[in-house]
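Have a look at the structure below before the remarks.
Note that the coordinates shown come from a computational prediction; the quantities given were computed from them, not determined experimentally.
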Amino acid sequence: MRFYRSVIGLSVLIALVHRSSAGQSPDSVQAAQMRAMVEQIARDRPPQAEAAASDLYARLQLQRAALDSLRTRSLAEYWSEVAQLTVQRQMLLSQQDSSRARLLSQLFASEAQARSLQRDYRDEYRTVPDSSRARNIRERLEDLITRHMAAEDSLRSLEIADVERRLVQIRADADRRKRLRTELVRQQVEQILRDAARPE
């Protein structure tokens with residue numbers, strides 16, 4: 001399985017902070033939507049996607065030469081990469097929380113670098129399976145994935161803090177309703193009766 005297919009699962013499951021669907025898991029819904037977008041872009045190859053991918057590379061301070069080199073090596077892999085970058089750019093631009101945007105940038109940068117290293121490793125492994133360069137790529141990947149997971153943990157901490165704040169609000173509202181139940185019942189009954197007494 002190519003790295004970009006596994007990484008998008010990591011990003012989507014924890015990066016999107018808009019949790020609004022009921023029934024089906026929001027994470028699985030978002031992940032499916034992102035995968036569908038990536039596949040459509042890779043298939044249709046719209047020119048604007050290349051500009052979006054290039055813009056994200058600049059935002060993440062990555063070397064554009066790596067993307068250009070991929071285009072000459074494999075058009076199919078190039079468009080898979082462009083599709084991934086285009087969707088990630090959309091996710092990044094839609095993020096209004098600066099802390100989350102910074103962490104997303106770290107995630108996306110490490111993912112792009114890891115995919116590039118994966119392609120380099122595949123080429124190297126075909127030639128010399130246990131070369132010093134292959135071992136170096138492994139070490140660099142371990143460092144990248146360690147940093148990727150640290151950024152994921154930070155995003156999860158932000159989400160946990162949001163949930164805890166919301167829980168405090170819900171508990172306070174529940175306590176208030178218990179304290180004021182008699183008054184709230186009286187108000188609602190009076191409103192119902194007033195509505196019933198209005199002429200049609």
Answer yes or no: is there an ion pair linking [X] with [Y], defined by an N-O contact shorter than 4.0 Å?
{"X": "Glu81", "Y": "Arg119", "value": "yes"}
{"X": "Arg71", "Y": "Glu50", "value": "yes"}
{"X": "Glu190", "Y": "Arg186", "value": "yes"}
{"X": "Asp175", "Y": "Arg171", "value": "no"}

At their closest point, which heavy atom of [X] faces which heavy atom of [Y], and how far apart are they?
{"X": "Arg100", "Y": "Leu155", "result": "CG-CD2, 3.8 Å"}
{"X": "Ala83", "Y": "Val38", "result": "CB-O, 3.2 Å"}
{"X": "Leu56", "Y": "Leu85", "result": "CD2-O, 3.2 Å"}
{"X": "Met91", "Y": "Phe108", "result": "CE-CZ, 3.9 Å"}
{"X": "Ala53", "Y": "Leu67", "result": "CB-CD2, 4.3 Å"}
{"X": "Ile41", "Y": "Ala49", "result": "CG2-CB, 3.8 Å"}

Fill in: From CA spacing to verdict: side chain to side chain contact (heavy atoms under 4.5 Å, CB included), Arg165, Val168
CA-CA 5 Å; Arg165 280 193 293 272; Val168 168; 5.8 Å; no
Please check if the number of heavy atoms outside [X] that lie under 6.0 Å from its [atom1] is greater than 12.
{"X": "Arg135", "atom1": "CZ", "result": "yes"}
{"X": "Gln63", "atom1": "CD", "result": "no"}
{"X": "Gln48", "atom1": "CD", "result": "yes"}
{"X": "Arg177", "atom1": "CZ", "result": "no"}

Discussion item. Checking Gln191 against Arg194: is there a side-chain donor and acceptor pair closer than 3.5 Å?
Written reply: yes
Point-to-point distance, once rounded to the nearest 0.5 Å, from [atom1] of [X] to [atom2] of [Y]:
{"X": "Gln84", "Y": "Met34", "atom1": "CD", "atom2": "CE", "result": "10.5 Å"}
{"X": "Arg115", "Y": "Ser110", "atom1": "CZ", "atom2": "OG", "result": "9.0 Å"}
{"X": "Leu167", "Y": "Asp162", "atom1": "CG", "atom2": "CG", "result": "12.5 Å"}
{"X": "Leu107", "Y": "Glu152", "atom1": "CG", "atom2": "CD", "result": "6.0 Å"}
{"X": "Ser105", "Y": "Leu92", "atom1": "OG", "atom2": "CG", "result": "4.0 Å"}
{"X": "Leu93", "Y": "Gln95", "atom1": "CG", "atom2": "CD", "result": "10.5 Å"}

Is a side-chain donor or acceptor of [X] paired with a backbone partner of [Y] at a separation under 3.5 angstrom?
{"X": "Ser80", "Y": "Ala76", "answer": "yes"}
{"X": "Asp97", "Y": "Ser99", "answer": "yes"}
{"X": "Thr86", "Y": "Ala52", "answer": "no"}
{"X": "Ser69", "Y": "Ala65", "answer": "no"}
{"X": "Ser116", "Y": "Ala112", "answer": "no"}

Worksheet item: In this structure, which one of Leu117, Ile145, Asp120 forms a side chain to side chain contact (heavy atoms under 4.5 Å, CB included) with Arg140?
Response: Leu117
Worksheet entry | Passing candidate, side chain to side chain contact (heavy atoms under 4.5 Å, CB included) with Val185, options Arg181, Gln187, Glu183 | Arg181
Fill in: Of Arg73, Arg133, Gln118, the residue whose pairing with Asp123 passes side-chain hydrogen bond (donor to acceptor under 3.5 Å, both in side chains)
Arg73
Worksheet entry | Residues Arg45, Leu75; criterion side chain to side chain contact (heavy atoms under 4.5 Å, CB included); working and verdict | CA-CA 10 Å; Arg45 301 182 177 183; Leu75 206 55; 3.6 Å; yes
Practice prompt. Check the pair Arg147 / Gln106 against side chain to side chain contact (heavy atoms under 4.5 Å, CB included), numbers first and verdict last.
Written response: CA-CA 8 Å; Arg147 285 189 277 130; Gln106 293 175 17; over 6 Å; no
Item to complete: Please say whether the positively charged group of Arg64, taken as NZ for Lys or CZ for Arg, lies over the ring of Tyr57, i.e. under 6.0 angstrom from the six-membered ring centre and within 45 degrees of the axis.
Response: no
